[in-house]
Amino acid sequence: MIAETPVLQVEDLHAHYGKSHVLHGVSFEVRPHEVVGLIGRNGSGRSTTLKAIMGLVPPTSGRVMLQGRPLAGRRPYEIARAGIAYVPEEREVFVNLTVDENLRMGEQPAAEGAPSWTPAQMFDYFPRLKERRNTLAGSLSGGEQQMLTICRSLLGNPRVLLIDEPTEGLAPRIVAAVSDCIQDIHRRGVSVVLVEQKLTIALRVSTRMCVMGQGRIVREGAPGDIAGNEALLAEWLAV
Ligand SMILES: Nc1ncnc2c1ncn2[C@@H]1O[C@H](COP(=O)(O)OP(=O)(O)O)[C@@H](O)[C@H]1O
Ligand SMILES: [Mg+2]
C-alpha cells in the first residue's frame, strides 16, 4: 500500500524569541482528512508552533512542507497563498471595514486540492454574520469577531487550517457553533490543526491528538485513548 502524502509535515522545528529557545524540535504530520488536536499546558509552545509554520516566527532550524513541498524562507503571505490559513488567538478583523468587506478581503483562488467556499456558506454556518453584514467589524462582539476571522480564512480556500484557541472566552452557544463549523470544514476536505484548551471540544473535534510539553511533541494518540481516562491524560499533560 502506498501511503498518502501528508498535507503538512513539520520536521524538527526549532524557534527562538530573542535568546529564548522555545521550540525544541517539533515534529508531527497532518494527513488528508485529519483534525490534529494540539494540546498541552500553557507555555508549552502550541501557539509558537502555529506561528513558526506560518513563518510569523521564523524557525531557526527544521522544516515545514506543504503537500511535499518545503516552505523554507517563504513570507507569511506567501505561505497563506500556498494554502495554509491561520486563525490567531487574537481575532484579527479589519475594524474599519464591514463584515462583508472583511470577507472579501479573505478571498483568494483555491489552493491545489482544496475545496472552495462562498460567502453564502459562511452565512449558513453563522447566520448572525449575515444579519450584521453591513456592520463595522470593530463593533462586533468577541464571538462575532471570532466567527468572522474563521470565515475570512476559509474564503482563502486553504488546504490546511491552523486555528488557535477558537472558543476562548465565547458563550456556550457560540462555542457549539464554532466547533460544529470546524467539524464541517474537516468533512469537506480541509485538514485542521486545532489548538484547544477545552478538552471536551478538542476530543470531540480531533481525529488525532498531539500533546506538547516544553517545546516538543511528547505524546500522540487517538482521542478515544484519553476520553474518560483522567489518569492517562494527567500523565500526558504532566511533561
Ligand atoms: N512574543 C514572545 N516573546 C518572548 N517569549 C514568548 C513570546 N510568546 C511566547 N513566549 C514564550 O514562549 C513559550 C511558549 O509560548 P506559547 O507558544 O505561547 O505557548 P502556548 O500557546 O502553548 O501557551 C512560553 O514560555 C512563552 O512565555
Ligand atoms: Mg497559546
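Index from 1, following the sequence. Start at 1 and go down the list; that is how both ligands and their atoms are numbered.
- With rounding to the nearest 0.5 Å, the separation of CG in Leu97 from OG1 in Thr135 is 13.0 Å.
- Judged by distance alone, with hydrogens and angles left aside, the side-chain atoms of Thr5 form no donor-acceptor pair with the main-chain N or O of Gln67 at under 3.5 Å.
- Taking a heavy-atom cut-off of under 4.0 Å, ligand 1 is surrounded by Tyr17, Val22, Arg41, Asn42, Gly43, Ser44, Gly45, Arg46, Ser47, Thr48.
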Please report the C-alpha distance between Glu131 and Arg128 in whole Å, then the side-chain angles of each, then the deciding distance to 0.1 Å, and finally whether the salt bridge (charged side-chain N to carboxylate O under 4.0 Å, His left out) criterion is met.
CA-CA 5 Å; Glu131 289 168 23; Arg128 180 69 182 152; 2.7 Å; yes
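- Remark: side-chain polar atoms of Ser191 are not paired, donor with acceptor, to backbone N or O of Val160 under 3.5 angstrom.
- Glu89 places no side-chain N or O within donor-acceptor distance of the main-chain N or O of Asp164, the cut-off being under 3.5 Å.
- Applying the ring pair (Phe, Tyr, Trp, His ring centres under 6.0 Å) test to every pair with at least one member in residues 24-52, sequence neighbours left out, gives these pairs: His21-His24.
- Evaluation of the ring pair (Phe, Tyr, Trp, His ring centres under 6.0 Å) test over residues 75-119, restricted to residues two or more places apart or in two chains, returns none.
- With rounding to the nearest 0.5 angstrom, the OG atom of Ser141 is 6.0 Å from the CE atom of Met147.
- Note that CD of Glu165 and CZ of Arg91 are 10.0 Å apart. Values are rounded to the nearest 0.5 Å.
- Excluding waters, the protein N/O/S atoms found under 2.8 Å from the Mg ion (ligand 2) are Ser47 OG.
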